[in-house]
Amino acid sequence: MLNEWLLALARWLDTHAWSTGLHESLYMYAWIESTHVLTLAVFLGMLIVIDLRMLGVLFMDVPASVIARRLDLPMMIGFVVMLVTGFVLYYAIPVRTTQSIWFRIKVVFLIAAGVNAFLFRARMQDSSASWDLAPRPPRNIRIGAALSLTFWTVVVICGRAIAYDWFDCRKLDGAFMYWAAGCVDELAALEGGA
Amino acid sequence: MDFIWLFEWLEASFIADAAKAYGGVYVVVQTAHLMGLAMLGGMVIVADLRLLGVLMTGFPISTVVRNAQRGFNVAIVVLVLSGIFLAGAVSMKLYYNEMFLAKMIGLGVGILFVYLIRAPLLAREADELSPWLCRLMGTASLVLWFTVAASGRWIGFS
(Lines give C-alpha, C1' and ligand atoms only; values in the text may rest on other atoms or scores of the structure.)
Protein backbone atom coordinates (compact mmCIF):
# COMPACT_ATOMS: atom_id res chain seq x y z
CA MET A 1 0.00 0.00 0.00
CA LEU A 2 2.77 2.43 1.01
CA ASN A 3 4.62 1.61 -2.21
CA GLU A 4 1.56 2.56 -4.27
CA TRP A 5 1.13 5.85 -2.40
CA LEU A 6 4.79 6.80 -2.72
CA LEU A 7 4.78 6.01 -6.42
CA ALA A 8 1.58 7.99 -6.95
CA LEU A 9 3.15 10.95 -5.16
CA ALA A 10 6.31 10.65 -7.22
CA ARG A 11 4.35 10.45 -10.48
CA TRP A 12 2.36 13.53 -9.51
CA LEU A 13 5.59 15.44 -8.72
CA ASP A 14 6.94 14.22 -12.03
CA THR A 15 4.14 16.05 -13.87
CA HIS A 16 5.42 19.39 -12.49
CA ALA A 17 7.17 21.57 -15.06
CA TRP A 18 9.74 22.63 -12.42
CA SER A 19 10.69 19.03 -11.74
CA THR A 20 11.39 18.39 -15.43
CA GLY A 21 13.05 21.79 -15.76
CA LEU A 22 15.48 21.03 -12.95
CA HIS A 23 16.23 17.58 -14.29
CA GLU A 24 16.90 18.83 -17.80
CA SER A 25 18.65 22.08 -16.86
CA LEU A 26 22.20 22.56 -18.09
CA TYR A 27 23.70 23.71 -14.81
CA MET A 28 21.07 24.07 -12.10
CA TYR A 29 20.90 20.37 -11.24
CA ALA A 30 24.69 20.13 -11.14
CA TRP A 31 24.92 23.17 -8.87
CA ILE A 32 22.35 21.84 -6.44
CA GLU A 33 23.99 18.42 -6.46
CA SER A 34 27.42 20.00 -5.86
CA THR A 35 26.02 22.07 -3.00
CA HIS A 36 24.57 18.87 -1.52
CA VAL A 37 27.90 17.03 -1.77
CA LEU A 38 30.19 19.89 -0.71
CA THR A 39 28.03 20.67 2.32
CA LEU A 40 29.13 17.23 3.55
CA ALA A 41 32.30 19.03 4.61
CA VAL A 42 30.27 21.32 6.86
CA PHE A 43 27.68 18.92 8.24
CA LEU A 44 29.62 15.63 8.34
CA GLY A 45 32.83 17.56 9.00
CA MET A 46 31.46 18.98 12.25
CA LEU A 47 29.85 15.65 13.11
CA ILE A 48 33.16 13.82 12.62
CA VAL A 49 34.99 16.30 14.88
CA ILE A 50 32.32 15.88 17.58
CA ASP A 51 32.23 12.07 17.28
CA LEU A 52 36.03 11.72 17.29
CA ARG A 53 36.06 13.87 20.45
CA MET A 54 33.43 11.62 22.03
CA LEU A 55 35.42 8.53 21.01
CA GLY A 56 38.44 10.00 22.77
CA VAL A 57 40.55 10.38 19.61
CA LEU A 58 40.90 14.12 18.95
CA PHE A 59 40.54 17.44 20.82
CA MET A 60 41.01 15.67 24.14
CA ASP A 61 42.40 18.87 25.70
CA VAL A 62 39.14 20.70 24.96
CA PRO A 63 36.14 19.84 27.16
CA ALA A 64 33.70 17.48 25.40
CA SER A 65 30.70 19.68 26.18
CA VAL A 66 32.45 22.70 24.62
CA ILE A 67 33.07 20.83 21.35
CA ALA A 68 29.50 19.54 21.32
CA ARG A 69 27.98 22.96 22.01
CA ARG A 70 30.22 25.17 19.87
CA LEU A 71 30.10 22.96 16.77
CA ASP A 72 26.35 22.40 17.03
CA LEU A 73 25.34 25.53 15.10
CA PRO A 74 27.62 25.04 12.05
CA MET A 75 26.63 21.37 12.01
CA MET A 76 22.92 22.20 12.02
CA ILE A 77 23.39 24.86 9.31
CA GLY A 78 25.08 22.20 7.18
CA PHE A 79 22.30 19.74 7.96
CA VAL A 80 19.57 22.16 6.88
CA VAL A 81 21.39 22.92 3.60
CA MET A 82 21.76 19.18 2.95
CA LEU A 83 18.12 18.51 3.76
CA VAL A 84 16.82 21.31 1.51
CA THR A 85 19.11 20.45 -1.43
CA GLY A 86 18.28 16.77 -0.87
CA PHE A 87 14.55 17.47 -1.22
CA VAL A 88 15.19 19.50 -4.38
CA LEU A 89 17.27 16.64 -5.84
CA TYR A 90 14.43 14.23 -5.05
CA TYR A 91 11.94 16.64 -6.65
CA ALA A 92 14.03 16.76 -9.84
CA ILE A 93 13.98 12.95 -10.29
CA PRO A 94 11.05 11.72 -8.18
CA VAL A 95 9.99 8.42 -9.79
CA ARG A 96 13.39 6.82 -10.21
CA THR A 97 14.46 7.94 -6.72
CA THR A 98 11.30 6.54 -5.14
CA GLN A 99 12.05 3.20 -6.80
CA SER A 100 15.71 3.23 -5.82
CA ILE A 101 16.57 0.55 -3.27
CA TRP A 102 19.56 2.70 -2.23
CA PHE A 103 17.44 5.76 -1.60
CA ARG A 104 15.17 3.63 0.56
CA ILE A 105 18.03 2.21 2.63
CA LYS A 106 19.43 5.74 2.89
CA VAL A 107 16.18 7.06 4.35
CA VAL A 108 16.04 4.18 6.88
CA PHE A 109 19.58 4.95 8.04
CA LEU A 110 18.86 8.69 8.11
CA ILE A 111 16.06 7.94 10.55
CA ALA A 112 18.33 5.63 12.57
CA ALA A 113 21.02 8.32 12.69
CA GLY A 114 18.41 10.86 13.75
CA VAL A 115 17.15 8.67 16.61
CA ASN A 116 20.74 7.95 17.69
CA ALA A 117 21.58 11.67 17.61
CA PHE A 118 18.54 12.46 19.72
CA LEU A 119 19.49 9.90 22.40
CA PHE A 120 23.20 10.70 22.15
CA ARG A 121 22.59 14.41 22.64
CA ALA A 122 20.50 13.87 25.75
CA ARG A 123 23.16 11.59 27.27
CA MET A 124 25.91 14.04 26.36
CA GLN A 125 24.13 16.90 28.08
CA ASP A 126 23.22 14.80 31.13
CA SER A 127 26.73 13.86 32.04
CA SER A 128 28.95 16.45 30.41
CA ALA A 129 29.97 18.05 33.72
CA SER A 130 31.32 14.82 35.21
CA TRP A 131 33.58 13.61 32.36
CA ASP A 132 34.31 16.75 30.36
CA LEU A 133 38.07 16.21 30.43
CA ALA A 134 38.24 12.51 31.27
CA PRO A 135 40.93 10.79 29.17
CA ARG A 136 38.37 8.18 28.13
CA PRO A 137 34.75 9.24 27.66
CA PRO A 138 32.06 6.93 29.15
CA ARG A 139 31.19 3.75 27.31
CA ASN A 140 27.67 4.77 26.30
CA ILE A 141 29.00 8.00 24.80
CA ARG A 142 31.63 6.10 22.79
CA ILE A 143 29.00 3.64 21.53
CA GLY A 144 26.76 6.54 20.51
CA ALA A 145 29.61 8.20 18.60
CA ALA A 146 30.61 4.94 16.86
CA LEU A 147 26.99 4.27 15.85
CA SER A 148 26.67 7.82 14.56
CA LEU A 149 29.77 7.47 12.36
CA THR A 150 28.58 4.05 11.12
CA PHE A 151 25.06 5.20 10.27
CA TRP A 152 26.29 8.29 8.43
CA THR A 153 28.83 6.24 6.47
CA VAL A 154 26.01 3.95 5.31
CA VAL A 155 23.97 7.03 4.38
CA VAL A 156 26.87 8.29 2.23
CA ILE A 157 27.41 4.87 0.58
CA CYS A 158 23.69 4.64 -0.31
CA GLY A 159 23.60 8.26 -1.48
CA ARG A 160 26.55 7.61 -3.77
CA ALA A 161 25.01 4.36 -5.06
CA ILE A 162 21.71 6.05 -6.09
CA ALA A 163 23.58 7.37 -9.13
CA TYR A 164 24.12 3.84 -10.51
CA ASP A 165 21.45 1.80 -12.28
CA TRP A 166 22.51 -1.68 -11.13
CA PHE A 167 19.36 -2.18 -9.06
CA ASP A 168 16.83 -0.22 -11.10
CA CYS A 169 13.41 -1.88 -11.45
CA ARG A 170 14.07 -3.10 -15.00
CA LYS A 171 17.15 -4.97 -13.76
CA LEU A 172 15.57 -6.51 -10.67
CA ASP A 173 13.80 -9.82 -10.39
CA GLY A 174 11.63 -11.54 -7.80
CA ALA A 175 8.71 -10.43 -5.66
CA PHE A 176 10.81 -9.46 -2.63
CA MET A 177 13.13 -7.14 -4.55
CA TYR A 178 10.20 -5.59 -6.43
CA TRP A 179 8.50 -4.93 -3.12
CA ALA A 180 11.65 -3.59 -1.44
CA ALA A 181 12.42 -1.21 -4.29
CA GLY A 182 8.78 -0.25 -4.77
CA CYS A 183 8.53 -1.54 -8.34
CA VAL A 184 4.73 -1.57 -8.17
CA ASP A 185 3.98 -2.28 -11.85
CA GLU A 186 6.62 -4.99 -12.14
CA LEU A 187 5.30 -6.70 -9.02
CA ALA A 188 1.72 -6.55 -10.36
CA ALA A 189 2.86 -8.02 -13.68
CA LEU A 190 4.75 -10.76 -11.86
CA GLU A 191 1.76 -11.66 -9.69
CA GLY A 192 -0.71 -11.31 -12.57
CA GLY A 193 1.35 -13.60 -14.76
CA ALA A 194 1.82 -16.25 -12.09
CA MET B 1 55.81 19.60 -18.47
CA ASP B 2 53.73 16.72 -19.76
CA PHE B 3 52.55 14.12 -17.30
CA ILE B 4 50.91 11.79 -19.81
CA TRP B 5 53.34 9.00 -18.83
CA LEU B 6 51.88 9.06 -15.33
CA PHE B 7 48.35 8.61 -16.64
CA GLU B 8 49.49 5.90 -19.07
CA TRP B 9 51.24 4.07 -16.26
CA LEU B 10 48.11 4.28 -14.10
CA GLU B 11 45.95 3.09 -17.01
CA ALA B 12 48.17 0.02 -17.47
CA SER B 13 48.52 -0.74 -13.77
CA PHE B 14 46.60 -3.22 -11.63
CA ILE B 15 44.90 -0.26 -9.96
CA ALA B 16 43.01 0.44 -13.21
CA ASP B 17 41.96 -3.22 -13.48
CA ALA B 18 40.75 -3.31 -9.90
CA ALA B 19 38.90 0.01 -10.17
CA LYS B 20 37.12 -1.04 -13.36
CA ALA B 21 36.31 -4.59 -12.30
CA TYR B 22 33.84 -4.15 -9.44
CA GLY B 23 31.26 -1.37 -9.32
CA GLY B 24 30.52 -2.12 -5.68
CA VAL B 25 34.16 -1.70 -4.66
CA TYR B 26 34.27 1.56 -6.60
CA VAL B 27 31.27 2.92 -4.68
CA VAL B 28 32.87 1.98 -1.35
CA VAL B 29 36.11 3.74 -2.31
CA GLN B 30 34.09 6.76 -3.50
CA THR B 31 32.48 6.79 -0.08
CA ALA B 32 35.90 6.67 1.60
CA HIS B 33 36.86 9.65 -0.59
CA LEU B 34 33.71 11.52 0.48
CA MET B 35 34.23 10.70 4.17
CA GLY B 36 37.80 11.94 3.74
CA LEU B 37 36.41 15.12 2.19
CA ALA B 38 34.08 15.55 5.16
CA MET B 39 36.88 14.92 7.65
CA LEU B 40 39.32 17.25 5.90
CA GLY B 41 36.56 19.84 5.56
CA GLY B 42 35.68 19.56 9.23
CA MET B 43 39.28 20.01 10.35
CA VAL B 44 39.85 22.93 7.95
CA ILE B 45 36.61 24.64 8.98
CA VAL B 46 37.22 24.30 12.73
CA ALA B 47 40.84 25.52 12.48
CA ASP B 48 40.16 28.33 9.99
CA LEU B 49 37.06 29.64 11.71
CA ARG B 50 39.10 29.71 14.93
CA LEU B 51 41.79 31.72 13.09
CA LEU B 52 39.02 34.05 11.86
CA GLY B 53 37.69 34.40 15.39
CA VAL B 54 34.29 32.89 14.55
CA LEU B 55 34.32 29.43 16.15
CA MET B 56 35.91 28.05 19.36
CA THR B 57 36.77 31.59 20.48
CA GLY B 58 38.30 31.73 23.95
CA PHE B 59 40.35 28.58 23.31
CA PRO B 60 44.02 28.95 22.35
CA ILE B 61 44.60 28.91 18.60
CA SER B 62 47.48 26.49 19.14
CA THR B 63 45.25 23.90 20.86
CA VAL B 64 42.55 24.01 18.19
CA VAL B 65 44.99 24.05 15.26
CA ARG B 66 47.17 21.24 16.64
CA ASN B 67 44.19 18.92 17.05
CA ALA B 68 42.75 19.85 13.66
CA GLN B 69 46.12 19.29 11.99
CA ARG B 70 46.22 15.71 13.31
CA GLY B 71 42.82 15.01 11.80
CA PHE B 72 43.84 16.76 8.58
CA ASN B 73 46.89 14.51 8.22
CA VAL B 74 44.74 11.37 8.39
CA ALA B 75 42.14 12.82 6.02
CA ILE B 76 44.65 13.83 3.35
CA VAL B 77 46.19 10.33 3.32
CA VAL B 78 42.72 8.75 2.95
CA LEU B 79 41.85 11.22 0.19
CA VAL B 80 45.05 10.75 -1.82
CA LEU B 81 44.99 6.93 -1.61
CA SER B 82 41.30 6.63 -2.46
CA GLY B 83 41.74 9.32 -5.12
CA ILE B 84 44.48 7.36 -6.91
CA PHE B 85 42.24 4.29 -6.96
CA LEU B 86 39.27 6.27 -8.31
CA ALA B 87 41.46 7.94 -10.95
CA GLY B 88 42.60 4.49 -12.07
CA ALA B 89 39.21 3.75 -13.63
CA VAL B 90 39.25 6.86 -15.85
CA SER B 91 42.88 7.94 -16.02
CA MET B 92 43.08 8.81 -19.71
CA LYS B 93 39.86 10.80 -19.50
CA LEU B 94 41.29 12.72 -16.55
CA TYR B 95 44.45 13.57 -18.48
CA TYR B 96 42.33 15.63 -20.89
CA ASN B 97 40.03 17.07 -18.20
CA GLU B 98 40.64 20.71 -17.28
CA MET B 99 38.81 20.44 -13.97
CA PHE B 100 41.08 17.58 -12.93
CA LEU B 101 44.11 19.71 -13.78
CA ALA B 102 42.63 22.60 -11.76
CA LYS B 103 42.03 20.26 -8.85
CA MET B 104 45.57 18.85 -8.92
CA ILE B 105 47.09 22.35 -9.03
CA GLY B 106 44.85 23.40 -6.15
CA LEU B 107 45.78 20.26 -4.22
CA GLY B 108 49.50 20.87 -4.77
CA VAL B 109 49.23 24.49 -3.67
CA GLY B 110 47.08 23.43 -0.71
CA ILE B 111 49.55 20.81 0.52
CA LEU B 112 52.49 23.24 0.17
CA PHE B 113 50.48 25.92 1.97
CA VAL B 114 49.52 23.63 4.85
CA TYR B 115 52.86 21.93 5.46
CA LEU B 116 55.37 24.61 4.44
CA ILE B 117 53.63 27.83 5.49
CA ARG B 118 50.70 27.33 7.79
CA ALA B 119 51.79 24.48 10.06
CA PRO B 120 55.31 25.86 10.75
CA LEU B 121 53.95 29.36 11.43
CA LEU B 122 51.22 28.13 13.74
CA ALA B 123 53.37 25.51 15.46
CA ARG B 124 55.90 28.07 16.58
CA GLU B 125 53.88 30.90 18.00
CA ALA B 126 50.26 30.50 17.10
CA ASP B 127 48.94 32.57 19.94
CA GLU B 128 51.32 35.48 19.41
CA LEU B 129 50.75 35.86 15.67
CA SER B 130 49.09 39.03 14.44
CA PRO B 131 45.31 38.58 14.25
CA TRP B 132 45.41 39.83 10.68
CA LEU B 133 47.92 37.19 9.65
CA CYS B 134 45.66 34.57 11.26
CA ARG B 135 42.61 35.90 9.41
CA LEU B 136 44.53 35.96 6.15
CA MET B 137 45.68 32.35 6.61
CA GLY B 138 42.19 31.22 7.60
CA THR B 139 40.63 32.85 4.55
CA ALA B 140 43.31 31.57 2.16
CA SER B 141 42.94 28.05 3.50
CA LEU B 142 39.12 28.03 3.24
CA VAL B 143 39.22 29.38 -0.33
CA LEU B 144 41.94 26.92 -1.36
CA TRP B 145 40.28 23.78 -0.03
CA PHE B 146 36.87 24.84 -1.28
CA THR B 147 38.40 25.23 -4.75
CA VAL B 148 39.94 21.75 -4.58
CA ALA B 149 36.66 20.15 -3.47
CA ALA B 150 34.49 22.09 -5.93
CA SER B 151 36.70 21.45 -8.96
CA GLY B 152 36.81 17.80 -7.89
CA ARG B 153 33.02 17.60 -7.90
CA TRP B 154 32.90 19.30 -11.29
CA ILE B 155 35.11 16.62 -12.88
CA GLY B 156 32.02 14.45 -12.87
CA PHE B 157 29.98 17.03 -14.78
CA SER B 158 32.62 17.98 -17.35
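Numbers restart at 1 for each chain; the letters A, B, ... are given by sequence-line order, proteins then strands.
- Residue B/V54: no heavy atom, backbone or side chain, is found under 4.5 Å from chain A.
- In this structure, A/L40 CG and B/M35 CE are separated by 8.0 Å, a value rounded to the nearest 0.5 Å.
- Between atom CZ of residue A/R70 and atom CZ of residue B/R50 there is a gap of 9.0 Å, rounded to the nearest 0.5 Å.
- Distance check: A/L38 CG to B/L37 CG gives 6.5 Å after rounding to the nearest 0.5 Å.
- With a 6.0 Å radius and a threshold of 12 heavy atoms from other residues, nucleotides or ligands, B/F146 has its CZ atom at or below the threshold.
- Proximity to chain A involves both the backbone and the side chain of B/A150, based on heavy atoms less than 4.5 angstrom apart.
- Proximity to chain A (any heavy atom under 4.5 Å) is restricted, for B/W154, to the side chain, taken from C-beta onward.
- Legend: residues meeting ring pair (Phe, Tyr, Trp, His ring centres under 6.0 Å) with A/F59, ordered by chain and number and at least two apart, are absent.
- The 12-atom threshold is exceeded at CD of B/E8, counting heavy atoms of other residues, nucleotides or ligands nearer than 6.0 Å.
- Both the backbone and the side chain of B/A68 come within less than 4.5 Å of a heavy atom in chain A.
- Side chains of A/M46 and B/V46 form a contact here, defined as non-hydrogen atoms less than 4.5 Å apart.
- B/F157 places none of its side-chain heavy atoms less than 4.5 Å from the side chain of A/L26.
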Practice item. Please assess A/V49 against B/M39 for the test side chain to side chain contact (heavy atoms under 4.5 Å, CB included), listing each intermediate value before the final yes or no. Key: CA-CA 8 Å; A/V49 174; B/M39 185 166 174; over 6 Å; no
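- The number of heavy atoms from other shown groups lying within 6.0 Å of CH2 (A/W5) does not exceed 12.
- Within a 6.0 Å radius of CE in A/M28, no more than 12 heavy atoms belonging to other residues, nucleotides or ligands are found.
- Judged by distance alone, with hydrogens and angles left aside, the side-chain atoms of A/R160 form no donor-acceptor pair with the main-chain N or O of B/L34 at under 3.5 Å.
- Here the side chains of A/P74 and B/L55 are in contact, with some heavy-atom distance below 4.5 Å.
- Under the 4.5 Å side-chain heavy-atom criterion for grouping Ile, Leu, Val, Met, Phe, Trp and Tyr, A/I50 is connected to B/F59 within one hydrophobic cluster.
- Follow the hydrophobic side-chain contacts under 4.5 Å out from A/Y90 and you never reach A/V84; the two are in separate clusters.
- Both A/F167 and B/Y22 are members of a single hydrophobic cluster when ILVMFWY side chains are connected at heavy-atom separations under 4.5 Å.
- Heavy atoms only, all atoms of each residue included: B/A38 and A/L44 are closest at CB-CB, 3.5 Å.
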Check your understanding: Between A/V66 and B/M56, does a side chain to side chain contact (heavy atoms under 4.5 Å, CB included) hold up when you go through it step by step?
Key -> CA-CA 8 Å; A/V66 170; B/M56 300 298 295; 4.2 Å; yes
Exercise for review: Would you check, one step at a time, whether the test side chain to side chain contact (heavy atoms under 4.5 Å, CB included) holds for B/M43 with A/L52?
Suggested key: CA-CA 11 Å; B/M43 300 304 158; A/L52 289 181; 4.1 Å; yes
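- In the hydrophobic clustering of ILVMFWY residues, with side-chain heavy atoms under 4.5 Å counting as a link, A/V108 and A/L6 come out apart.
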**Study point:** B/N67/A/M60 under side chain to side chain contact (heavy atoms under 4.5 Å, CB included): CA gap, chis, key distance, verdict
**Key:** CA-CA 8 Å; B/N67 279 289; A/M60 292 310 288; 5.9 Å; no
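- Under a cut-off of 6.0 angstrom, the local environment of CZ in B/F100 is crowded, with over 12 non-hydrogen atoms contributed by other residues, nucleotides or ligands.
- Separation of atoms CG (A/D61) and OG1 (B/T63) is listed at 5.5 Å; rounding is to 0.5 Å.
- Within the 4.5 angstrom heavy-atom criterion, atoms from both the backbone and the side chain of A/V42 approach chain B.
- Under the side chain to side chain contact (heavy atoms under 4.5 Å, CB included) criterion, B/A19 pairs with B/Y26, B/F85, B/A89, not counting sequence neighbours.
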